[in-house]
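Comments concern the structure below.
What's counted below: heavy atoms across the whole structure, side chains too, no hydrogens, waters or symmetry copies. Per chain, numbering begins at 1; letters A, B, ... match sequence-line order.
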Amino acid sequence: MPEHTFRLNGKQVTVDVADDVRLLWVLRDVLGVTGPKYGCGINVCKACTSHHNGRAFNPCSVQVKDIEPTDEVTTIEGLAATVGEELHPMQQAWLDHDVAQCGYCQPGQIMAAVAKVRQAADQGREITDADIDEIRNICRCGTYFRIREAIKDGARNM
Amino acid sequence: MTALDPSPQPQPQPRPESDAHVVGRRRFLGYVLAAPTLVAAAELGLRPGAEAAVPSPGVAELLDLNDLLTAAARPTANLISVAVHADGTVSFELPRAEVGQGITTSTAMLIAEEMDLPLEKVRVTLANARPELLFNQLTGGSNTTISTYTPIRVAAAIAKGRLLHAAAIELDAAITDLTARAGVITSVLGGQIDYGALAAKAAGVRTEQVSVELKPRSEFEVIGTPRGRIDALAAVTGRKKFAMDLDVPDALPTMVCRPPTINGTVDSVANLAEVRQMPGVTDVAVIYTGVAVRAETFGQCVDGVRALRVSWNAGSAAGKSDESVLRELESAELPLAAPLAETVEGEFTFYFRGNSALEPNCAIADVRTDRAEIWGALKSPIVAQETIAAKLGLPPSAVAVHVVEGGGSFGRKLFFDAALEAAEISQQLGKPVKLMWHRADDCRQGRTHPMSTSRIRVSYAGDTVLGFDQRHTSVSTDFGHGLGEVLTAMAAQLPVGDLGFSETIFQLTQSMPYDFGVTAQLLSEVDKGFNTGSMRNIYSPDVTCARELIVDRLAATTGRDPYRFRRDFLQDDRSRAVLDKVAEVGGWGRAMPANMAQGIAFHAEYHGVSAALVEIDCRPETVNRPIRDAVSGPRVTKAIFAVDVGLAVNPRGLEAQMMGGIMDGIAQVLTSSLHLTDGYFLEASWDNYFYTRQWNTPLDVQVIVMPPTTGEPGGAGELGVAASMSAVACAYGRATGRMPTSFPINHGTLSFEPKPTEPPIPESPTDGLDHAY
């Protein structure tokens, strides 16, 4: 089987897996990194949201062969290390607002929130309710309102 | 005598502390169990009112020898127990399923309260299936805290009493000279010792029954205070483990190729051998629900499922559609009572709704010739164990069922469809499997909230309501999860028994909170061809929504304000208090622009009362706001919810449950339904089945947890749905000037292009990087 290598949460990893296997399964089934969750497999529910070179993406919809050796993939497990802290400010905001219910979607929600705040910052502005309306991540427990509050709080500390 | 004295004399009991003077405090019986460190226990059936038959409120009575022998001989297997460990932590195995509703946190709070221990020192895990608990290991009906509030505290109080007793010996002090605080016992004479150091010294050398008083509510420092979830850190760091995250050796990913129609069956497979040769695939096998594919990765399972060429037999809903089911319901509707005077009437239709959580159906099974092990989020693990054992041909005692924390449930995980399938596949392959349903499987073959209709006739004369008649007609609700007891599960498989059971549940859950004269609410059910279940709040969202819309119409017909009208007819102060609260906080009656309106509604259940006030925006520019692959539609802009559950153990958790209920209510009125066509549901994705998303979420949500009233906790998990759904429907009716009668309001417009049914699951895209942001 072909070998694929990329950077995952700050470390170079190498896997032996077919080219077309989606990255979500490389992370979960091959590498045992289970923070990104399966919720649909077709880039709709966003439960697997992680970062690719700092931008939010959904590994359920990317073939492993499309990840370059120097690409940095960050999952929820590696988020805090990107700021050199025990917790990323967005994770802390999630705790402060007691956002999670079942918690299944929350790794993806947090990764999406961080990217959305960065996106606004790159445009030289603070995140707005209209930005948050664009976040497509499903939370079937319906914690959306606490998510909104936590994103705004977390953004202030990013 | 020391704590470890094996002699048969009963041990002295700790003297009741500061409240020893309280007359009439109830005592409860529990146990100290023989164990290396302290383990205190109580019977799970223990409820308020079932206090111990110990007459004196004073110093704990010692049981006489006869009682002691009886107690010693009594089976203690049905106990729940708290264990104190040498590291100062206390552990408890909760015989319920945590699926997001927050019961591990509230349970830890009960223990922390009664033991005077910091919350972070309490570890709550989920118990394996324990068949000896019979009815008492079912998570449903918002009943967890109602049923466990007393026994958990009794066990914790006994543990604390033992610790005090052991400390008295260690510190050479009278128990009355000791204070327990934050896991440390301090003597007024000087000296202190922590719980960890006492764990072994306080251990029971034999099992004995003791009685105990519980901390009075006036001394609560934990119960009733808002606390964050104990698993929050694990959740936000990705460390929280769900079933599919477990590393069970050799349990490889497995999926099932499922039929194109509901409950279809395999006729033949053209290319089994070919699919077995696909990359990563280890096994392919025909099972009772389809064709199982086991592979190195789930991605390769998807490929295998999509490659299978299967001929299918028709399913249990062959040829059926929304229209045909509606006709079935209409023909099964029971007649209304004759009108008594002037009437207001209405008929409402509620389409099928998906009961899927975000975590799809899934389970791990490792079945060997003589035993089996199952892992899954199971709310009815005893029935699961019995049923799986029967299917495998093993005795139940040979089937270990591990209850894993679930990624949502909303009633869905009362059933164990995936666990049963996983067990069958594992047995057939002779290998462990990690079975997961694809999202499309969950949508099309999963459990649903049954489609229903509700017809109401209210008779009135002047300002008096003379009678309220409601006929609820529903596709059959499957209660075959047995509400925790396998005999009931078997009885429920009988057509007559099941029908009676549904009606019983209906009558037990429906009540009339208004003084509406002669009231009759009746259920009739039809058609067992669908996979249904007890979706969050079961019948109540639909029944209540219909009722509250008619209340609005009645108020309008008689020229009265919807809030005032409800207030005048509600039956008690608790009910009026929550209604008043939302009216006050939400500014009931404030002027709104055209096409915007408020709605208000009330619901009582689970020993609690609730009211919701929402504001909705139905202006064209809002309804038609563009959002890719989505239903935009009217937006609820504000939601105010007041809830009185009697006593909120964790107000912050209760608030979270009500928020979830609000989002469910919004979804069920505005966006969420399944479309039945030719024996299958068109939906196969979260962008087909539109649960509430951020763009539908109100920007102003306030939940008001009322101060304690009854002093006993009511249910929380399901309570938020009915009043929310009703308030949204009422608001929509007032904003548009037309009472909605069909739910969700957009059901008549298909907002997506249906995915094919063969192959049954879609291919994963490859362009994910193009959508990065």
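Looking at B:Asp303, only its side chain comes within 4.5 Å of chain A, counting heavy atoms on both sides. Residue contact with chain B, scored on non-hydrogen atoms closer than 4.5 Å, involves the backbone and the side chain of A:Ala112 alike. Interface residue A:Cys60: only backbone heavy atoms are found under 4.5 Å from chain B. Proximity to chain B (any heavy atom under 4.5 Å) is shown, for A:Glu77, by both the backbone and the side chain. Using a 4.5 Å cut-off between heavy atoms, A:Val99 does not touch chain B at all. Heavy atoms of B:Met436 lying under 4.5 Å from chain A belong exclusively to its side chain. For A:Ala47, the part lying under 4.5 angstrom from a heavy atom of chain B is the side chain only. Proximity to chain B (any heavy atom under 4.5 Å) is restricted, for A:Asp20, to the side chain, taken from C-beta onward. With a 4.5 Å cut-off on non-hydrogen atoms, A:Arg136 touches chain B through its backbone and its side chain both. For B:Thr105, no part sits under 4.5 Å from any heavy atom of chain A, backbone or side chain. Within the 4.5 angstrom heavy-atom criterion, only side-chain atoms of A:Leu87, from C-beta onward, approach chain B. Heavy-atom distances place the side chain of A:Val21, and not its backbone, under 4.5 Å from chain B.
Taking the charged nitrogens against the carboxylate oxygens, A:Asp133 and B:Arg635 do have a contact shorter than 4.0 Å, which makes a salt bridge.
The distance from atom CG of A:Asn43 to atom CG of B:Asp767, rounded to the nearest 0.5 Å, is 7.0 Å.
Residue A:Gln12 qualifies as enclosed at atom CD: its count of foreign heavy atoms under 6.0 Å is above 12.
With hydrogens and angles disregarded, a donor-acceptor distance shorter than 3.5 Å links the side chain of A:Tyr144 to the backbone of B:Thr692. In this structure a side-chain-to-backbone donor-acceptor pair under 3.5 Å is missing from A:Asp98 to B:Gly653. No donor-acceptor pair under 3.5 Å is formed between the side chain of A:Arg140 and the backbone N or O of B:Tyr691.
B:Tyr773 pairs with exactly one of A:Lys116, A:Glu134, A:Arg118 by the side-chain contact (heavy atoms from CB on, under 4.5 Å) rule, that one being A:Lys116.
With chain B as partner, the option from A:Val26, A:Asp29, A:Ile110 having the largest number of non-hydrogen pairs under 4.5 angstrom is A:Asp29.
B:Gln300 and A:Ala18 make their closest contact through NE2-CB, 4.4 Å (heavy atoms, listed as atom of the first residue, atom of the second, distance).
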